Amino acid sequence: MTCRFSIRLWNICIASLCKARLLKKAEAVIIDGIRIGYLPDVVTYNTLVAAYCRFVGVDEAYLVLSRMREAGVKPDVITYNSLIAGAARHSLPSRSLDFFEEMLKIGIDPNVWSYNTLMHCLFKSGYPEVAYKFFLDMISKNVHPSPFTYNTLLNGLCKSGHARNALKLLRSLERRGFSAEIVTYNTIIDGLCKAGMYGAAKRILTEIGESSHSPNAITYTTIMKCCFRSGKFKQGLEVFAAMMDKGYTSDVFGYCTIISALIKMGMIVEAHSCTDEMLKNGIGLDMACYNTLIYMYCKEGKMSTAFQVLNEVVEAGLESDEYTHSILVDGLCKTGSVDGAYKYLERMEARGFNSNLVAYNSLLDGLCKVGKLDAALELFNKMQVKDSFTYASLLHGLCKAGRFRLASKHMRTCLREGISVLASAQRAVVSGLRSSGLKRDAVKLRAAIRTARILRC
DNA sequence: TTAGGGTTAG
């Protein structure tokens, strides 16, 4: 009895070390324990598997599973749930599925937690149909969905562009006795806002007021962001003030949202005050927040300070991401250093970073604006993915250089592929064709634009 | 294991 109690304490000690990310220390405690006769059990190994998944990687966690087997300890559903969650955290849907299948193969029955995690991973990775298939699978196997399952399903539907269906599903679930939680409400509000269904989002907010739940900081941040996204800056600021008045403490998400909006409104002084307040409140900065600060300095034209913040990112042990690079490339272009932006992107690519669409769009726009059209066209041809931003910059650049025939050709590509083009760019191409004597081309293009508009309706 | 934040065209 005493011995079992000691092993329990030993496992608690290992779990504490793992929680503090002290994995080597945890391993050393295990070795010391074995020396004095303690044998790691399934709890010990599961703790290690979860910690390796969280702080190291899925492959390393799987090696722990091999060690577990070698030691004659059988993995259980918790072991596999940790592995599935680890794969989900690293956005590895195929690994998640592999673990799920392996679990079935060795005779471990997945539980509701296994399904929830797998579904979340699949939704997050852009496989909503496969995720939904597993929802049906769990029902067919009599694994009862939990509120967590429904929240995951609703969130997955919203994130994959099916907010309307998510709302319908919520209503149907409510009719069958499901009681929405604050997570459910926040999920649906965010989905509806992102789909532009503001009226429906507002009705859900009213429902929260009528329910036994209270809005939390996430509700406020979601509403605030919704206001900013729809151009209602004043209302967004009011939501932030209301949140603070009600005694909620804003976290890094809230501050990030508000600072970014202030920068966009040109309220740099206020953005700085808000940043100071955030730092004074001891809010830990994450990469998204550092990106907002870098964005602030770029907008002020203080590129050297922006790069200083980038150094702080490295010192903080964080890794810059695609947002960082896009913001800096755009900042360099807008402060007149298009060459610097080009070189920066080249350096990033040499370091193995895959350039993203936004960074390329910013550079393309920068090149067009300084009249380096050939370089812009070279970049345009190199780009694998293009969107309405790409074409807007290119069309304006081509029109500015009087190359209306080429602009017209690209305009037609947009119409054919359903890429929306700014009305100003459309006008520039049509009037450019007309003024340069290509009247028939102008008429034809205008007709094509009208047809495309009708077909879209 | 579920909810919110950060970048580009005019």
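In the text below, chain A, chain B and the rest are named by the order of the sequence lines, each starting its count at 1. Hydrogens, waters and symmetry mates are skipped; everything else that's a heavy atom, side chains included, is used. Quantities reported herein were computed from a predicted structural model and do not represent experimental measurements.
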In whole angstroms, the gap separating P of B:dT8 from NZ of A:K264 amounts to 6 Å
* A:F148 over B:dT1, stacked by centroid distance under 5.5 Å, angle under 30° ->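 Check passed, A:F148 stacks on base of B:dT1.
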OP1, OP2 of [N] versus side-chain N and O of [X]: anything below 4.0 Å?
X: A:N155; N: B:dT2; result: no
X: A:K124; N: B:dA3; result: no
X: A:K159; N: B:dG4; result: yes
X: A:K369; N: B:dT8; result: no
X: A:T219; N: B:dA3; result: no
X: A:R229; N: B:dG5; result: yes
X: A:Y323; N: B:dT8; result: no

Using a heavy-atom cut-off of 4.0 Å across all strands, would you classify [X] as base, sugar-phosphate, or nothing?
X: A:A359; result: nothing
X: A:L422; result: base
X: A:H396; result: sugar-phosphate
X: A:V252; result: base

- Ignoring the backbone of A:T221, work out which of B:dG4, B:dT8, B:dA3 is nearest its side chain.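 So the side chain of A:T221 is nearest to B:dG4.
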Notebook entry, point to check: When you measure from the centre of the six-membered ring of A:F380, is the NZ or CZ of A:K386 under 6.0 Å away and within 45° of the axis?
Noted result: yes
Suppose we call two aromatic rings close when their centres sit under 6.0 Å apart. Are A:Y150 and A:F178 close by that rule?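 Ring centres of A:F178 and A:Y150 closer than 6.0 Å.
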- request: May I ask you to check whether A:F228 and A:F233 place their ring centers less than 6.0 Å from one another?
  value: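 Centroid distance A:F228-A:F233: below 6.0 Å, so yes.
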With distance as the sole criterion, do the side chain of [X] and the base of [N] form a donor-acceptor contact below 3.5 Å?
X: A:D251; N: B:dG5; value: no
X: A:D387; N: B:dA9; value: no
X: A:S362; N: B:dT8; value: no

Looking at A:K369 and A:D365, is there a salt bridge between them, counting it only when a charged N and a carboxylate O are closer than 4.0 Å? yes
- prompt: So, A:Y323 versus A:N356: side-chain donor-acceptor pair below 3.5 Å or not?
  reply: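 No - no donor-acceptor pair under 3.5 Å links their side chains.
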